[in-house]
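The residues of the chain are indexed from 1 along the displayed sequence. Both ligands and their constituent atoms are indexed starting at 1 by order of listing.
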Amino acid sequence: MGVKALPSSAYGRFAALCGVVSAVGVLGVVGAALVVPVPADAAASTLAAAAQQSGRYFGTAVAGGKLGDQAYTTIANREFDMITAENEMKIDATEPNRGQFNFSAGDRIYNWAVQNGKRVRGHTLAWHSQQPDWMRSLSGSSLRQAMINHINGVVGHYRGKIYAWDVVNEAYADGNSGGRRDSNLQQTGNDWIEVAFRTARAADPSAKLCYNDYNIDNWNWAKTQGVYNMVRDFKQRGVPIDCVGLQSHFNGNSPYNSNYRTTIQSFAALGVDVQITELDIQGGSATTYANVVNDCLAVPRCTGITVWGVRDSDSWLGESASALLFDRNGNKKAAYNSVLNALNNADPDPSPSPTVTPTSDPGGAGQIRGAASGRCVDVPNSSTADGTQLQLWDCHSNPNQQWAYTSAQEFRVLGGKCLDAAGTGNGAKVQIYSCWGGDNQKWRVNSDDSIVNVQSGLCLDAANNGTGNGTQLQVYSCWGGNNQKWTWNRG
Ligand code: G3I
């Protein structure tokens with residue numbers, strides 16, 4: 001029997017075992033971490049299930065030509081819950097002739113994934129490589145317009161269906177410049193990347209939009225710093241970017257470095273998700289694979305890992321590189337076991353600082369008081385309408401300011417209503433909504449007095465640094481300001 005913090009997904013099983021029958025039962029302990037024994041056999045037995053324990057995904061690239069190979073699809077279906085088309089959604093595949101889109105190969109992979117209960121990452125919309133001949137021959141404003149049309153065509157086709165798009169791929173130069181790659185797209189003007197992101201956002205507001213590149217894994221490399229500066233600039237100027245994809249093709253020239261975790265943390269701190277998008281490790285070191293997984297698990301906004309192929313014989317590097325998790329016969333390699341173990345040992349709720357332990361004491365409701373304002377989180381007019389945005393108001397003891405923090409990390413008010421983030425971006429409103437168990441209704445209460453939304457990693461925030469009655473509440477990137485500090489005064 002091992003001892004580890006209890007994954008939220010395991011809570012129900014454990015609660016049932018213990019005869020704790022209610023989500024507001026009697027498990028609460030104040031002032032100490034919630035640590036309970038978990039039977040060793042609670043470990044998940046597939047990569048996807050193991051990753052899901054900490055709210056992450058584990059994906060693979062799929063080649064459409066292999067969907068007829070039953071050994072291949074059996075593993076892909078069993079082990080992975082996120083799918084990237086290895087080549088079939090690229091520019092040459094989806095728009096072979098200008099203005100004539102062809103989604104047959106992309107749709108085949110998309111349909112296979114969705115029919116098997118998986119989500120899909122879209123790869124890729126704007127890239128110097130794998131451009132069809134007609135695009136390669138363009139330049140200037142006609143190329144810029146062709147890029148925009150392409151994004152509209154592809155993202156529009158998959159609107160509402162894609163978890164995240166690699167909007168722009170590999171736009172930075174290798175070497176020590178830290179600058180852009182000199183491609184035909186770059187020659188259309190330095191703003192081509194932000195134009196691509198704005199176009200993609202308009203074409204599908206529900207997809208996460210990622211910048212994806214290789215050799216941006218080592219924090220000390222100029223290319224990493226170049227991309228970091230671009231993402232920081234985009235966030236500051238409001239260019240819509242939600243994630244950074246670290247391809248993470250590790251080899252002798254570009255080996256894994258222990259500063260990889262710093263890279264992930266640094267990008268995440270800009271307010272974007274980080275996804276490991278094309279992982280393979282030449283030689284297949286089990287230790288390096290575990291290091292990569294543990295580095296992702298250490299950062300709440302590292303939301304998932306994708307390996308670039310199923311078996312060694314499926315790898316773009318060739319079988320001899322031994323870079324993946326299964327051998328050509330579909331046997332699990334040592335690297336597979338180290339990845340699975342790392343995922344199973346994940347802290348389900350890694351927080352940057354110690355958290356206040358959720359209490360399930362039903363009598364423990366109290367006010368959430370803002371440090372800057374001295375005012376309390378208040379449901380306007382005691383409304384119970386879903387979607388009512390919360391505000392600051394003079395503190396009082398009426399029920400519309402009485403919040404109970406439950407063992408499910410919800411703040412409950414007025415019966416079955418929960419403190420709810422209406423989105424995952426800066427400025428998304430914080431409202432009440434009927435409690436349903438979603439991550440957007442879960443909050444970490446940190447020792448630095450921040451209250452962080454589990455889904456987005458953003459902080460509960462009094463808008464525009466407001467302190468007056470009626471100031472609206474939102475979620476926003478955590479920055480340590482007093483408008484993001486709260487004390488929850490249990491009654
Ligand atoms: O399908 C044709 C086949 O009919 C033909 O006989 C053969 C002859 O060369 O080519 C086949 O197409 C190849 C295709 O892979 C499918 O296997 C292309 O030549 C080949 O260029 C293509 O390589 C892909 C490569 O991207 C192209 O840039 C790899 O499969 C794919 O794994 C690789 O993926 C990239 C990511 O998109 C971006 N990051 C790097 C990563 C690895 O290079």
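Ion pairing between a basic and an acidic side chain is recognised when a charged N comes within 4.0 Å of a carboxylate O; Glu194 and Arg237 show such pairing.
For the ring-ring contact (aromatic ring centres under 6.0 Å, His included) condition, the pairs that include at least one residue of residues 119-139, sequence neighbours left out, are His123-Trp308. The ring-ring contact (aromatic ring centres under 6.0 Å, His included) analysis of residues 43-68, with sequence neighbours excluded, yields the pairs Tyr57-Tyr163.
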Tabulate distances under 3.5 Å between N/O atoms of ligand 1 and N/O atoms of the protein, writing both atom names on each line.
{"unit_1": "ligand 1", "atom_1": "26 (O)", "unit_2": "Lys90", "atom_2": "NZ", "d": "3.0"}
{"unit_1": "ligand 1", "atom_1": "28 (O)", "unit_2": "Gln130", "atom_2": "OE1", "d": "3.0"}
{"unit_1": "ligand 1", "atom_1": "30 (O)", "unit_2": "Glu86", "atom_2": "OE2", "d": "3.3"}
{"unit_1": "ligand 1", "atom_1": "30 (O)", "unit_2": "Asn87", "atom_2": "ND2", "d": "2.9"}
{"unit_1": "ligand 1", "atom_1": "32 (O)", "unit_2": "Glu86", "atom_2": "OE2", "d": "2.4"}
{"unit_1": "ligand 1", "atom_1": "32 (O)", "unit_2": "Trp308", "atom_2": "NE1", "d": "2.9"}
{"unit_1": "ligand 1", "atom_1": "34 (O)", "unit_2": "Trp308", "atom_2": "NE1", "d": "3.2"}
{"unit_1": "ligand 1", "atom_1": "37 (O)", "unit_2": "Lys90", "atom_2": "NZ", "d": "2.6"}
{"unit_1": "ligand 1", "atom_1": "37 (O)", "unit_2": "His123", "atom_2": "NE2", "d": "2.7"}
{"unit_1": "ligand 1", "atom_1": "39 (N)", "unit_2": "Glu170", "atom_2": "OE2", "d": "2.8"}
{"unit_1": "ligand 1", "atom_1": "39 (N)", "unit_2": "Gln247", "atom_2": "OE1", "d": "3.0"}
{"unit_1": "ligand 1", "atom_1": "39 (N)", "unit_2": "Gln247", "atom_2": "NE2", "d": "3.4"}
{"unit_1": "ligand 1", "atom_1": "39 (N)", "unit_2": "Glu278", "atom_2": "OE1", "d": "2.6"}
{"unit_1": "ligand 1", "atom_1": "39 (N)", "unit_2": "Glu278", "atom_2": "OE2", "d": "3.4"}

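Among Lys235, Lys208, Arg301, Arg201, the single residue meeting the salt bridge (charged side-chain N to carboxylate O under 4.0 Å, His left out) criterion with Asp242 is Arg201.
Residue Tyr260 places its OH atom among more than 12 non-hydrogen atoms of other residues, nucleotides or ligands, all under 6.0 Å distant.
For Ser322, the side chain to side chain donor-acceptor pair (under 3.5 Å) test picks out Lys333, with sequence neighbours left out.
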